[in-house]
Structures are given as C-alpha cells and as structure tokens.
Amino acid sequence: MSGAVRLLLVWAALMALLALTVGAAFLPIGMAKPWVAYAIATAKAILILWFFMEMRRESGLARLAAIAGFVWLAILIMLTATDYLTRRWIM
Amino acid sequence: MTDEPRFEHPPEERAPSYLAESHSLRSWFFTTDHKRIALLYLVSITLFFLIGAGAAALIRLDLLTPQGDLLTNDGYNRAFSIHGIIMVWFFLIPSIPNVLGNFLVPIMIGTRDLAFPRLNLLSWYIYILSGLLTLYVVVSGGVDTGWTFYTPLSSVYANGAVVATIVAVFISGFSTILTGLNFIVTIHKLRAPGMTWSRLPLFIWSHYAVSIIFVLATPVLAITLLLVAAERLIGIGVFDPRLGGDPLLFQHLFWFYSHPAVYIMVLPALGVVSELITAAAHKRIFGYWFVAFASIAIAVIGFMVWGHHMFVSGQSVFASAVFSFLSIAVAVPSAIKVYNWTATLYKADVAIDAPLLFALGFIGLFVAGGLTGLMLAMLAIDVHVTDTYFVVAHFHYIMVGGSVTAFFGGLHFWWPKMTGRLYNETLGRIAAILILVGFNITFFPQFLLGYQGMPRRYHVYPPEFQVLHVISSLGAALLAVGYAMPAFYLLWSLLPGGRRAPANPWGASGLEWTTSSPPPKHNFIAQPVVVRQPYDYPLAHPASRDDG
Ligand code: HEM
Ligand SMILES: [Cu+2]
C-alpha cells in the first residue's frame with residue numbers, strides 16, 4: 001500500500017469516527033454518553049499517533065517518550081480527581 | 001602551568017577562540033554557536049534581573065513604613081506582580097540552563113554543539129520576543145494578578161494588561177520547551193566516545209532532569225494560561241462556576257506546572273553545586289549514583305505534590321493529606337544530595353575560593369528553605385502560616401538563597417572558561433560573604449513576621465511589625481551591594497590587560513577544563529575520547545592552580 005493511500009484511509013477512518021461521535025450524541029443512552037465519546041476520541045488519538053505521528057516506525061525510545069506524555073497526563077487527572085471525587089467526604 | 005589534557009586526544013594546538021572568530025554584530029545575532037548564545041542569554045537575563053530588582057526595591061522601600069507611604073494599593077500590587085513574573089520566567093528559569101547549561105552541556109559531554117543549533121538560537125529570539133511583550137506590560141501600566149494569575153481575579157476582576165502578560169508568559173514557554181528538547185536530544189545522541197551514562201558529570205544529570213520537566217510541564221502552563229485568556233475575553237466558562245466551571249481547576253492546572261517549575265529553578269542549581277563542591281574538595285563525589293538519580297527522582301515526584309499550594313483553598317481534606325505525604329517524600333532525594341555533598345567535603349583539603357563560598361552558602365540556605373518547606377507541607381502548620389511572609393521567606397530561601405547563589409557560584413567558577421579571564425578572587429570572596437549575610441538579614445525576619453501573622457501581598461500592616469520590616473529592607477540594601485559587586489569586577493576582568501586564564505585554573509576534572517580558555521569555536525581541536533570515571537581526583541596530571 002502506498003503512503004498516500006494509507007494516509008487517506010486513516011483520514012477516512014477518522015472522519016467515520018467523527019460521524020460516529022456526532023451520531024452517538026443523539027442516542028438515548030444517558031450516563032453512558034460521555035464514555036462512548038471518550039472511547040471514540042481515544043480511538044482517534046491512537047490512529048493519529050500511530051500513523052500521522054509515525055509511531056509505528058519509531059524506535060523504542062521515541063515510543064517511550066510518547067507514552068511518558070500520557071503517563072504524565074494521567075498523573076494530572078488522577079491527582080486532580082483525588083480532590084474532586086472526595087470533596088464530599090467528611091473528615 | 002601543567003594543565004595537560006587528561007583525556008586521550010592530541011595536545012591542543014592554538015585555534016582562535018570562539019570569541020575571536022569574528023567580531024561583527026551579525027556574527028553574534030545570527031550565531032548558532034551554543035557558547036555565544038549562552039552569552040546572549042547572560043546579557044538579556046541580567047537586564048531582566050535589573051528590572052525585577054527595581055520592582056523589589058520599590059516593594060522594600062514601601063514596606064519601611066506601616067502605612068505604605070510610597071505606593072498606592074494598586075501600585076503595590078503591580079510592583080509585586082511584575083517582580084514575581086519577571087524574576088520567575090525571565091530571570092530564574094532561564095538563568096542556569098540557558099547560560100551555564102547552554103555553554104557547558106556540549107563541552108562537558110565532549111561534542112561540538114547542541115543537537116539543534118538553530119533551534120537554540122530560535123529559543124533566544126522567542127525569549128526576547130516574550131521579554132519585549134513583558135516590557136510593554138511594564139510601561140503600559142502593569143498587571144496586578146501576582147505571578148500566580150489566580151482565577152477569578154485574573155479572569156474577571158483584575159485590571160491592567162492581563163492578557164498581554166499571559167501571552168508573554170505563554171510565548172516564553174516555547175523558548176523553554178525548545179531548550180529542554182535540545183538538551184535531551186544532545187545528551188542522548190551526542191556524547192563523546194567513552195562518555196557513558198555513568199561517566200556523565202552531575203551537572204549533566206541535573207540538566208537532563210530539568211529538561212524532562214521543561215518538556216512535560218511547560219505545555220500545561222501554556223494551555224492553562226490560554227484558558228484564562230479565553231475566559232477573560234469570551235467567557236468560555238472553564239473556571240467560572242456560574243457557567244459550570246470551577247475556579248479551583250485553575251489552581252490544580254497552574255500548580256501542576258508551577259511546583260515542577262520551582263524544581264526547574266532549583267535542579268540546575270543542584271547540578272552546579274555538585275561541580276563546585278567536587279572541584280573545591282578535589283575529591284570524587286560521595287555516592288555518584290545517589291546524587292544522579294536524586295535529580296531524576298526530584299523531577300518525577302515533583303509532579304505529584306502540587307496540592308500543597310491548595311491546603312486552604314477548599315480542596316478536599318483527603319486530597320490535602322495525600323499531597324502532604326507526597327510533599328514530605330520529595331524532601332528525601334533533596335536531603336540525599338545535601339548529605340552527599342557534606343560527605344564529599346569531609347576530610348577534604350578544600351580550596352576556599354569564591355565558588356566554594358557560594359556553594360557552601362547555597363547548602364545552608366537550601367537546607368533552611370527545604371526544612372521550612374517540610375513545615376509548610378504539614379497541614380496543621382500550613383493552615384496557620386499560609387499566605388503569610390513565612391511562605392515568602394521559604395521560597396526566597398530556596399529560589400534566591402539557593403538558586404541565585406548557585407548561579408553566581410557557577411558564573412564565577414566557569415567565568416575563566418567562558419571569557420578567558422581571571423576575576424579578582426579577593427573581591428569574589430567578599431561578594432560571596434556579603435550576599436550570604438545580606439540575604440539572611442533580608443529574609444530571616446520574614447520567617448518571624450510570617451509566623452506572627454504578617455500576610456503576604458499587603459503593604460499596610462500593624463505597627464508592631466515595623467521593626468522586622470525595616471531590618472529586612474536594610475538587609476535588602478546590603479544584598480543589592482553584594483549582587484552589584486560581581487557586575488563590576490567580572491566586567492573589569494574583561495578590560496584589556498585583564499589576567500588571562502589558563503585552561504584549568506581550578507585544577508578541576510571534567511572535559512571543559514581540557515580545552516583552552518576560552519574554547520575554540522568547535523570546543524575541542526580533536527574529538528575527545530573519555531577513558532575515566534567522572535571526578536577522577538587526584539588528577540593524573542595535577543594542574544597547578546596559579547594564574548600562569
Ligand atoms: C523540600 C521540598 C519542599 C517542600 C516540602 C515545599 C513545600 C511548600 C509548601 C507546602 C508551600 C505552600 C505554602 C502555602 O502556600 O501555604 C510552598 C510554597 C512555595 N515553595 Fe516550596 N517546598 C519545597 C521546596 C521548594 C523548592 C525547591 C522551591 C523552589 C525552587 C520552592 C518554592 C516555593 C514557592 C515559589 C512557593 C510559593 C508559591 C506562591 O504561593 O507564590 N519550594 N512550598
Ligand atoms: Cu510546591
């Protein structure tokens with residue numbers, strides 16, 4: 001498969017996922033709605049990382065660096081959640 | 001003078017130094033030589049230091065009297081805001097990494113330049129662009145949010161050039177990120193043959209650690225500040241509860257950057273001090289791997305403690321307890337370093353020169369700052385002293401007493417290498433002692449003031465606090481003299497007829513001392529090959545310490 005064709009396919013996949021996001025917003029699924037949106041967004045991010053950002057070709061070190069970014073984001077979200085999710089606890 | 005290179009490469013032939021290569025303005029402003037860029041940074045951060053110091057002088061003068069006679073309330077707010085913003089982002093963060101780091105990282109690992117020389121120059125131009133915008137803020141009336149930009153003050157109520165300031169800090173972040181990227185790639189890819197990770201000078205380890213923080217933390221600041229600007233301009237409602245936002249979210253995001261940022265300001269200093277201590281003791285560092293990994297541990301754990309700035313903000317008590325525990329944990333690697341320096345000095349035949357005096361001053365002040373940090377990390381104590389002068393004293397002990405002192409120490413230590421000239425050692429020692437004394441007179445009273453309840457960021461205060469405030473202001477005057485002194489004798493050494501520095505005036509180990517002072521354009525005549533451990537004292541060919 002030539003490079004351009006691959007990129008176009010990935011782009012088409014991203015567009016399809018975008019349509020899915022929009023569609024899911026109208027489904028009557030209540031509380032699950034944001035989680036469906038997050039799941040689709042994660043799929044898009046992985047496609048972008050893997051193909052557009054060329055992670056599929058990179059060495060272990062570069063992949064490690066990319067993963068580190070996400071680990072740090074997880075630290076940010078987790079410790080912030082330690083505050084938000086426990087505000088109601090009486091101590 | 002027997003400063004033969006101890007690494008196996010051919011003896012130096014004479015090559016023109018990087019300073020003598022060319023004298024045109026063009027050769028400075030379009031240079032890609034990391035050494036020249038370091039000097040460009042040195043000049044520019046010195047200018048910002050002067051502006052920040054001017055604001056500090058206004059603050060200390062105003063605090064001489066309890067009524068705040070000199071400045072209006074609004075003027076006082078603007079003075080401490082501009083002081084904090086300039087000192088943090090335009091002086092202290094770039095100080096050691098962009099001046100000493102820029103100059104030394106490639107030389108210490110035995111290569112010609114950073115991995116991306118043009119990107120390095122771009123970093124400087126971006127820094128200048130953001131600096132010019134900050135100057136615009138200063139002359140257009142300033143900003144009164146403090147360096148912390150807390151919402152809703154910054155997003156709704158503050159007057160002044162908030163958005164311009166935010167954009168300036170935002171832009172300066174890119175300069176920082178590019179520098180971090182450059183250092184990481186350089187340290188991974190350009191080490192000289194034989195320069196294994198276990199042979200890296202500790203200066204390099206701490207710059208590696210700080211680069212990780214540059215790259216991982218700075219983008220969060222950029223995004224957070226953009227959100228504040230968007231909130232202010234179009235009310236997007238991320239921080240405004242009326243629109244479903246949360247003002248504390250700003251503090252979480254800001255401190256997720258800014259606690260690591262305080263380590264941005266101190267980690268490079270720790271690296272400098274490791275070099276100064278080993279060179280003065282002429283001994284191997286005690287526990288190389290502990291010191292090296294302590295830098296990495298500080299960089300990583302430093303990302304998990306930010307909530308200690310929010311103990312009284314309304315953050316959940318459970319979160320406060322977690323952050324309190326993690327904050328105490330981060331003190332461990334810091335303490336390891338202090339113990340290891342002390343052990344390195346133990347029974348050493350030390351050379352009491354200005355760099356060592358600065359390093360010793362650093363250790364004392366860093367310990368005082370670190371221990372009061374532990375006090376602040378205790379929930380019960382912090383409720384009492386939060387937002388008081390106790391906090392102000394704490395962070396000045398670390399950032400000014402620690403980092404600025406280390407910067408001066410490093411500047412003295414590597415001045416002969418950077419300029420090829422020797423400064424007056426006696427004046428250097430006097431300045432080091434004056435800075436230590438002046439610093440303590442300025443900031444120790446602030447611990448007492450804070451403990452007794454003097455709030456920070458107020459200029460009108462009860463008369464019983466006046467004595468301590470006056471002592472503090474007098475100390476600041478002494479400190480100013482201490483900081484001004486090096487400007488004179490260092491520049492003096494550059495005049496025609498100044499004493500020339502030999503390649504290794506301190507008899508120190510490290511690749512930078514094997515090349516001429518100042519180094520040639522490409523740092524070494526021939527590619528150095530490293531065959532020894534770092535700090536391999538006593539030197540194989542002990543270099544004489546005289547002036548040559
Ligand atoms: C031993 C590790 C440290 C601990 C446990 C610690 C703890 C703390 C705590 C709990 C506060 C918040 C006090 C309050 O607002 O009530 C604080 C404030 C601060 N610390 Fe530290 N600290 C440490 C090291 C450092 C270092 C290394 C630096 C800088 C290089 C630093 C710079 C600051 C600054 C700038 C503030 C005040 C920020 C502001 O509110 O404007 N600290 N520290
Ligand atoms: Cu902190």
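Numbered from 1 within each chain, the chains take letters A, B, ... in sequence-line order. Computed from heavy atoms alone, side chains included, the values below leave out hydrogens, waters and symmetry copies. Here the structure is a predicted model, which is why all the values come from computation and not from measurement.
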Give, as side chain, backbone, both or neither, the part of A:Leu61 having an atom under 4.5 angstrom from any heavy atom of chain B.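 For A:Leu61, the contact with chain B is made by the side chain alone.
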Side chain, backbone, both or neither: which part of B:Ile184 has a heavy atom under 4.5 Å from chain A?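 Neither part, no heavy atoms under 4.5 Å.
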Check whether B:Phe303 gets within reach of chain A through its side chain, its backbone, both or neither, counting any heavy atom under 4.5 Å.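 For B:Phe303, the contact with chain A is made by backbone and side chain together.
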Supply the atom-to-atom distance [X] [atom1] to [Y] [atom2], rounded to the nearest 0.5 angstrom.
X        : Y        : atom1 : atom2 : result
B:Met108 : B:Thr186 : CE    : OG1   : 14.0 Å
B:Thr218 : B:Ile213 : OG1   : CD1   : 9.0 Å
B:Ile187 : B:Arg191 : CD1   : CZ    : 9.0 Å

Does NZ or CZ of B:Arg118 come closer than 6.0 Å to the centre of the six-membered ring of B:Phe116, within 45° of the ring's axis?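 Not flagged: B:Arg118 not positioned over aromatic ring of B:Phe116.
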Using a cut-off of under 4.5 Å for heavy-atom pairs, which of A:Leu85, A:Thr82, A:Leu79 has the most such pairs with chain B?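 Most heavy-atom pairs within the cutoff with chain B belong to A:Leu79.
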Pairs of heavy atoms under 4.5 Å with chain A: top-ranked of B:Val322, B:Val215, B:Leu248: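 Top count of heavy-atom pairs under 4.5 Å with chain A: B:Leu248.
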Contact leader toward chain A among B:Leu326, B:Val220, B:Asp246, where contacts are heavy-atom pairs under 4.5 Å: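 Ranked by heavy-atom pairs under 4.5 Å with chain A, first place is B:Asp246.
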Which residue, B:Ile166, B:Ile236, B:Leu249, forms the side chain to side chain contact (heavy atoms under 4.5 Å, CB included) with B:Leu227?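 In the set B:Ile166, B:Ile236, B:Leu249, the residue that makes a side chain to side chain contact (heavy atoms under 4.5 Å, CB included) with B:Leu227 is B:Ile236.
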